[in-house]
Amino acid sequence: MGRQLQQLTPPLIDFIENQKMFFVATAMEQGTINLSPKGLDSLRILNEKRVIWLNLTGSGNETAIHLSHHNRITMMFCAFEGDPIILRLYGTATTHEFESKGWQEHIAMFPDIAGGRQLVDVQIDRVQTSCGMGVPVMEYKSQRQGLLDWAEKQGEEGLRKYWQKKNSSSIDGMPLKKS
């Protein structure tokens, strides 16, 4: 059954590296809680207490906006095949905006993916495992290509305009605080 740890173990790192998707939850003190699925080759484990992922352009920017106001975060990984495991990472996160110093320091770890807008750098405070016996067994077919095709078509200038128009405030009207 479930257990709590202070950091990732080698088997849990292997588990994360074999997942095709993960989920991220953030919230400010007031307003809507955000829960987002993430995929593609966008996550790296820096060590047993730290992970980082490339946050891609989407219809909203809730994760980064929430983190700019209140830096708490939860990440969840579910086994959709193999042993039934759910893994949660609790911690705090910092965003490194496109082309910032933090971005420049870490972006080389990721493939060149059109639409990257931030790197989300998570410091893990607690790790929790639990059984995933209620999670269905599902077969992976492929990654969707639509987001990548759209971002590629926009080009860098088009993405910057989109970020300004669609990604500068939350669905609750809170602005993205620039660091």
Side-chain angles (χ1 to χ4, degrees), residues 1-56 58 60-97 100-111 113 116-144 170 177 179:
M1 290 311 262
R3 57 187 182 136
Q4 292 191 18
L5 307 161
Q6 295 302 306
Q7 63 187 34
L8 292 169
T9 62
L12 293 177
I13 290 171
D14 288 343
F15 172 73
I16 290 171
E17 290 175 342
N18 286 308
Q19 301 313 301
K20 304 292 189 227
M21 69 179 299
F22 58 99
F23 301 87
V24 175
T26 56
M28 291 187 277
E29 291 295 327
Q30 300 287 318
T32 307
I33 297 168
N34 184 59
L35 176 61
S36 295
K38 305 294 180 185
L40 300 166
D41 186 14
S42 62
L43 178 74
R44 298 293 179 269
I45 300 168
L46 300 179
N47 60 48
E48 52 282 326
K49 297 278 288 178
R50 191 170 162 215
V51 299
I52 192 168
W53 90 85
L54 177 60
N55 195 22
L56 301 173
N61 198 13
E62 298 300 299
T63 300
I65 293 168
H66 285 182
L67 291 173
S68 75
H69 291 266
H70 199 298
N71 69 344
R72 64 187 172 157
I73 192 165
T74 301
M75 299 176 69
M76 185 178 76
F77 303 83
C78 296
F80 294 106
E81 58 189 17
D83 293 337
I85 299 169
I86 297 173
L87 171 64
R88 290 180 182 88
L89 309 179
Y90 300 93
T92 56
T94 303
T95 58
H96 305 295
E97 297 296 322
S100 68
K101 181 180 177 191
W103 173 277
Q104 297 298 334
E105 288 175 15
H106 300 292
I107 193 61
M109 296 186 302
F110 298 91
I113 300 176
R117 60 183 169 188
Q118 299 108 5
L119 291 168
V120 179
D121 193 338
V122 179
Q123 182 67 42
I124 300 167
D125 297 326
R126 183 175 18 154
V127 174
Q128 179 187 23
T129 62
S130 58
C131 75
M133 292 182 196
V135 175
V137 175
M138 298 168 55
E139 183 179 333
Y140 173 76
K141 288 187 175 185
S142 66
Q143 290 285 349
R144 295 177 193 263
S170 74
K177 287 178 160 180
S179 45

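Just so you know, residue 1 is the first one in the sequence shown, and it goes up from there. Only this structure's heavy atoms are used, side chains among them; waters, hydrogens and symmetry mates stay out. On a predicted model such as this, the values are computed, not experimentally measured, just so you know.
Residues Leu8 and Ile124 are in side-chain contact: their nearest non-hydrogen atoms beyond the backbone lie under 4.5 Å apart. Taking 4.5 Å as the limit, some side-chain heavy atom of Phe77 sits within range of a side-chain heavy atom of Leu89. Taking 4.5 Å as the limit, every side-chain heavy atom of Phe110 sits out of range of all side-chain heavy atoms of Asp41. Taking 4.5 Å as the limit, some side-chain heavy atom of Asn61 sits within range of a side-chain heavy atom of Arg117. You'll find the side chain of Leu54 reaches within 4.5 Å of the side chain of Trp103, heavy atoms only.
Partners of Gln7 under the side chain to side chain contact (heavy atoms under 4.5 Å, CB included) rule, at least two apart in sequence or in another chain, are Glu48, Lys49. Residues that satisfy the side-chain hydrogen bond (donor to acceptor under 3.5 Å, both in side chains) test with Thr9, not counting sequence neighbours, are absent from this structure. The side-chain hydrogen bond (donor to acceptor under 3.5 Å, both in side chains) test applied to Gln128 returns Tyr90, not counting sequence neighbours. For Asp125, there are no salt bridge (Lys or Arg N to Asp or Glu O under 4.0 Å) partners at least two apart in sequence or on another chain. Met109 meets the side chain to side chain contact (heavy atoms under 4.5 Å, CB included) test with Arg44, Leu46, Ile52, His106; sequence neighbours excluded. With sequence neighbours left out, Arg126 forms a side-chain hydrogen bond (donor to acceptor under 3.5 Å, both in side chains) with no residue at all. Taking the side-chain hydrogen bond (donor to acceptor under 3.5 Å, both in side chains) definition, one finds that His96 meets it with Asp121, sequence neighbours left out.
Of the possible polar contacts, none joining the Arg50 side chain to the Val122 backbone as a donor-acceptor pair under 3.5 Å is found.
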Subject >> Step-by-step side-chain contact (heavy atoms from CB on, under 4.5 Å) determination, Thr95 to Asn55 >> reply: CA-CA 9 Å; Thr95 58; Asn55 195 22; over 6 Å; no

Exercise answer: donor-acceptor pairs, residues 11-27 side-chain atoms, under 3.5 Å, sequence neighbours excluded:
residue: Asn18; atom: ND2; partner: Asp14; partner atom: O; Å: 2.8
residue: Gln19; atom: NE2; partner: Phe15; partner atom: O; Å: 2.9
residue: Thr26; atom: OG1; partner: His66; partner atom: ND1; Å: 2.9

Side-chain donor-acceptor distances from residues 28-37 under 3.5 Å, at least two apart:
residue: Glu29; atom: OE2; partner: His70; partner atom: NE2; Å: 2.6
residue: Thr32; atom: OG1; partner: Asp172; partner atom: OD1; Å: 2.9
residue: Thr32; atom: OG1; partner: Asp172; partner atom: OD2; Å: 3.1
residue: Asn34; atom: ND2; partner: Ser36; partner atom: OG; Å: 3.0
residue: Asn34; atom: ND2; partner: Thr63; partner atom: OG1; Å: 3.3

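Atom CG of residue Leu119 and atom OG1 of residue Thr94 lie 11.5 Å apart, to the nearest 0.5 angstrom. Cys131 SG to Ile85 CD1: the interatomic distance, rounded to the nearest 0.5 Å, is 10.5 Å. The CD atom of Gln123 lies 6.0 Å from the OG1 atom of Thr92; values are rounded to the nearest 0.5 Å. Taken to the nearest 0.5 Å, the CD1 atom of Ile65 stands 8.5 Å off from the CD atom of Gln118.
Note on residues 69-96: no pairs pass salt bridge (charged side-chain N to carboxylate O under 4.0 Å, His left out), not counting sequence neighbours.
Here the closest heavy-atom approach between residue Cys78 and residue Val135 is recorded as CB-CG1, 4.4 Å.
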